[in-house]
Amino acid sequence: MDNVGHKKTLRTSLLVGLLALLCFSASQALGKEVAIGVFAYQGERASTSDWNPLISYLNRALPEHHFRLENHDAESLRQAIAGERIDLAITNPVHYITMEAEFGLSRIATLESVGVSAARALGSVVLARSDRTDLKELTDLTGKRVAAIAPDAFGGYLLAAQAMLHSGVDPETDLKEILFIGLPMSRVVEAVLQGKVDAGIVRACVPEQMVREAQLQPADFRVLSQRQEKQFPCALSTPLFPDWPLSVTRQTDPVLAKRVAHALLSMTQAADGMGWTVPADYQPVHDLYRELRVGPYAYLREITPEGLARRFWPWLLGTLVALVAWITHTIRVEQLVHRRTAQLRESLQAREQAESRMRESQEQMEHLSRLSVLGELSGNLAHELNQPLTTIGTYARTVLRRQDSGRLTPEAINEACTQIVSEAERAGGIVQRIRHFAKKRGAVRAPVDLALIAKEARHLFIGMLAHPPTIHIDNRLPEHCRVLADGPQIQQVLLNLIKNALDAGRNLAPERHRVQVIIEAVDNWVHLHVIDQGCGLEPTQLARLFEPFFTTKPDGLGLGLPICKTIIEAHGGRLWAEPNADGPGMRFSFSLRCHDLPT
Ligand code: ADP
């Protein structure tokens, strides 16, 4: 009995296994199950009755697959796509572009109704009660209460919101209130008719359907900013947008996607006029979202750094590029300025060095020139020193003689000593003057008295020469006019000019040895003229007068006048020569600026 029972159980198990195998093979033969997720915005019942004809058609057209309808609200459809639980999705354009951005949903066909273009199938209508004559255009909604389906309803809010924005009314700030009262859409129409709100937003064709179903009378309502669209059977307040797409997910088998697309496009329009066509362009939906800053463009509202970065990246990029360009430019300019400054500093240093070398050599030349004047005068200098020395010797000898003869009185000693002291002082003064004249020194600028300098020069010549010439000084300078100069340098110039003037008259009659020095003011300048009645100069000699080493004297150096010219020009003045206008000889002149200085 046990054995028989055991065999029976074994047979039953085998039968069950066989049946399971058969069922599995049958399901394999029927093909893979294909889940179509649908956004059931009007509820499951309405959705199932709307989409069942399509499911049946696909099951007939593609018998190797088993198509199954899954009703979802927006969020659960999103999760089904995210969890890869559905193969195909049917949803409204707004939800579609959100899922496209988030999960790469890709449309393969767009719903098409009879006589309506798939690309221009959805619109909104904004209604008001017909007795509200104050509400004709969307602009009239400012400060009014408006009802709509939901903030994310495409036909039931967003399309009208964009149209309002375009007409200058911001639905978020310019309305008194916006009430989202949900589905069914007839509730919005009822709220308008009952006067709970001033106007209501519903999907286009909803009022016409309600009229057909006797829920509404055409005379009960008016359409704001009404517009006519070709081949569109209903009243509209907004432009038209593409109809619902059917799309595949990233995981959908491409072969299945191709077969479904083919089946949809070959589908003859159903009894309710529903059919499918090639996928429409959903860019206008993207534009609407971006403008309203909702869905995938909600980040445009965020004031987070990331939101701002995503929103303003072209400007940020531009600013960054400009900033980098500016920094590069600044660094370049800095480097350039640095380099130029260094070059300038170097050239200034070089100039300073050259100037200092020039100053040194000028001082050297000047010194040499002084020594040359001194050398020329040295013969007479010996004679000059000889006089006091002879006198000293004579007095000393007289004292000795008187002492020998016993005639030395205290008066005689006193007189002899007084004379000896006086003559020794005279000799010391000559030596002192020469030492002072020959001393080497640097250039300075101080107020100088030209007449005084001329007198000192005259004194030097008269004191040193055996046959002193006549040097007449005519000072016509007003009291206040002074010259700022290096006194010894100007004296040097004057000595040179006087020496040349005396040289020019050397072999001539004594009356032509006369030299005249005139000092006068001309405008803001002081002119000093040295006029002689000497041999004068040929025009060819006059032309070469200031050339270095030009000389007509056998023992001349030809450096005196070039040095004088350099000195005067270094003082900002001018040195020139011309024939004497009042007789034979030459007139040498120099000018120096006159300063109004307190005397
Ligand atoms: P140097 O006296 O050693 O010759 P200068 O430069 O002082 O050098 O003078 C150059 C030349 O200019 C002189 O040799 C002389 O021929 C001429 N000269 C200068 N002053 C006079 C003057 N007052 N009259 C005529 N010739 C002059």
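When a ligand or atom number is given, it counts from 1 through the structure's own listing order.
For Arg357, the side-chain contact (heavy atoms from CB on, under 4.5 Å) criterion is met by Gln353, Ala354, not counting sequence neighbours. Gln533 pairs by the side chain to side chain donor-acceptor pair (under 3.5 Å) definition with nothing, not counting sequence neighbours.
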Derivation of the side chain to side chain contact (heavy atoms under 4.5 Å, CB included) call for Thr330 and Val333: CA-CA 5 Å; Thr330 309; Val333 168; 5.8 Å; no
Exercise answer, ligand 1 polar atom pairs (N/O) under 3.5 angstrom:
residue, atom, partner, partner atom, Å
ligand 1, 2 (O), Asn500, OD1, 3.3
ligand 1, 2 (O), Lys553, NZ, 2.8
ligand 1, 3 (O), Leu557, N, 2.8
ligand 1, 3 (O), Gly558, N, 3.0
ligand 1, 4 (O), Thr551, OG1, 2.5
ligand 1, 6 (O), Gly560, N, 3.3
ligand 1, 6 (O), Leu561, N, 2.8
ligand 1, 7 (O), Asn500, OD1, 3.4
ligand 1, 7 (O), Asn500, ND2, 2.9
ligand 1, 8 (O), Gly558, N, 3.4
ligand 1, 14 (O), Thr551, OG1, 3.1
ligand 1, 14 (O), Thr552, N, 2.8
ligand 1, 14 (O), Thr552, OG1, 3.4
ligand 1, 16 (O), Thr552, OG1, 2.3
ligand 1, 23 (N), Asp532, OD2, 2.9

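In this structure, the ring of Phe241 has its center no less than 6.0 angstrom from the ring center of Tyr282.
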All N/O donor-acceptor pairs, side-chain side in residues 584-591, below 3.5 Å, sequence neighbours left out:
residue, atom, partner, partner atom, Å
Arg587, NE, Glu578, OE2, 3.2
Arg587, NH2, Glu578, OE2, 2.8
Ser589, OG, His529, ND1, 2.7
Ser591, OG, Arg574, N, 3.2

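In this structure, the side chains of Val517 and Asp474 stay at 4.5 Å or more apart for every pair of heavy atoms.
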